[in-house]
Amino acid sequence: MDILGLDYTTLRVIWWLLLGILLVGWAVMDGFDLGVGTLLPFVAKTDEERRLVINTVGPVWEGNQVWLVLGGGAIFAAWPPLYAVSFSGFYLAIFAMLFGLILRPVGFKYRSKMPSARWRNTWDWVLFVGGLLPALIASVAVGNVLLGVPYHFDDSMRIFYTGSFFGLLTPFALLAGLVGVAMMVSHGAAMLVLKTDGPVAERSARYGSIAALVSFVLFAAGGAWVAFGLPGYEITSQVVTDGPTNPLLKTAAVGAAAGGWLRNYSSMPLTLVFPLVGLAGALASFVLLRARRGMAAFLASGASIAGIILTVGFAIFPFLLPSSSQPSGSLTVWDASSSQLTLFIMLVATVIFLPIILAYTSWVYRVMRGKTTSEDMADNPNAY
């Protein structure tokens, strides 16, 4: 059945693409907030410098987290089994990530409540943890998606997760975590170079260029690991793209040879642009940060983040969350979505509201453009 010319298969693909866009939106928009928090104790030495760093993101960090809310909402509404498996199986990991995200507003609000140097230094390290932890946990989760997650369904479609929190911390997953931290630190450094002058900008450029180079090297190393040492997954039964939401109606197997996740790149060569953008963006960010080109470095690091995330998305398509303990129960685009009507109604809402969010965000950044200075903080009673 088609709804206004959109069949079930098309709607599923559209929502797979929208999920990717929302994840990229969060990583790019909130990623520099996380990077700035991670850099705070290192790029700013005095209290005034640390206030300067905090106030570069102070007016926008709350709005940037809208992308995380949208991504979580999209998973809940468009991909209910994915939400159920990931938010229950990764419960402790998600709790740790949310703990880090909660630390940020608390740190922002409480840091300047007392003039004590010890008090403020403590909250600066709280903001560091609030930046580092979400970036690390989210990226480790992406690494585990490529490895496959230990969950299975019984005959009544009940979900059983058989892994543990520390079981997620495998060498490959930790490599993915370091890639995520490095790319967000580079992104945050680019924002600081763009928004500040003087010693803070100089230190940010130095640390950010190192992070960009680390991101380039580790992403390339991860790609080599996937190509030569990591088995992928494949659907071995006939693929039904417009069937009911039931992951057990197919058969799937773990790839017998390494490099299984590269099948899509050989069958769809145009998708090779995404890993190339991930690598080129990181390398360009390294060069531009060393040249103190803040805006260009920010765009390059943002492109690198988008390229890295989309590389994973197109590698595992049509899988959303492979199961290492029951490959036939792996969640895919074709068997883990909401109903056709639900996807259509959500698409209509997205077409209406997403442009409004983009327009408002653009307006906010236009109003807040320019350097953040000590004079601005002195003149603004609402400054952190």
Quiz item: Stepwise, does the side chain to side chain donor-acceptor pair (under 3.5 Å) test hold for Asn64 with Asp33?
Solution: CA-CA 8 Å; Asn64 291 339; Asp33 296 338; 2.9 Å; yes
What's the separation between atom [atom1] in [X] and atom [atom2] in [Y], rounded to the nearest 0.5 Å?
X      : Y      : atom1 : atom2 : result
Leu347 : Leu18  : CG    : CG    : 6.5 Å
Leu70  : Leu19  : CG    : CG    : 11.5 Å
Leu283 : Leu288 : CG    : CG    : 9.5 Å

Quiz item: Are more than 12 heavy atoms from other residues, nucleotides or ligands located less than 6.0 Å from atom CZ of Phe165?
Solution: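 Correct, the count exceeds 12.
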Self-check item: Crowding at CE, Met295 (>12 non-hydrogen neighbours, <6.0 Å)
Solution: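 Atom CE in Met295 is not packed in, count stays at 12 or less.
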Quiz item: Can you tell which of Trp79, Phe317, Trp16 makes a ring-ring contact (aromatic ring centres under 6.0 Å, His included) with Trp334?
Solution: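 So, applying the ring-ring contact (aromatic ring centres under 6.0 Å, His included) to Trp334 and each of Trp79, Phe317, Trp16, only Phe317 qualifies.
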Quiz item: Where is the tightest heavy-atom contact between Val13 and Val333, given as atom of each residue plus distance?
Solution: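 Looks like N-CG1, 4.5 Å.
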When the ring planes of [X] and [Y] are compared, do they come out parallel, tilted or perpendicular, using 30° and 60° as the limits?
X      : Y      : result
Phe153 : Tyr151 : perpendicular
Phe274 : Phe314 : parallel
Phe128 : Trp125 : perpendicular

Exam field: side chain [X] to backbone [Y], donor-acceptor pair closer than 3.5 Å:
X      : Y      : answer
Arg50  : Ala44  : yes
Lys250 : Gln238 : no
Gln340 : Leu6   : yes
Ser301 : Ser186 : no
Trp119 : Arg111 : yes

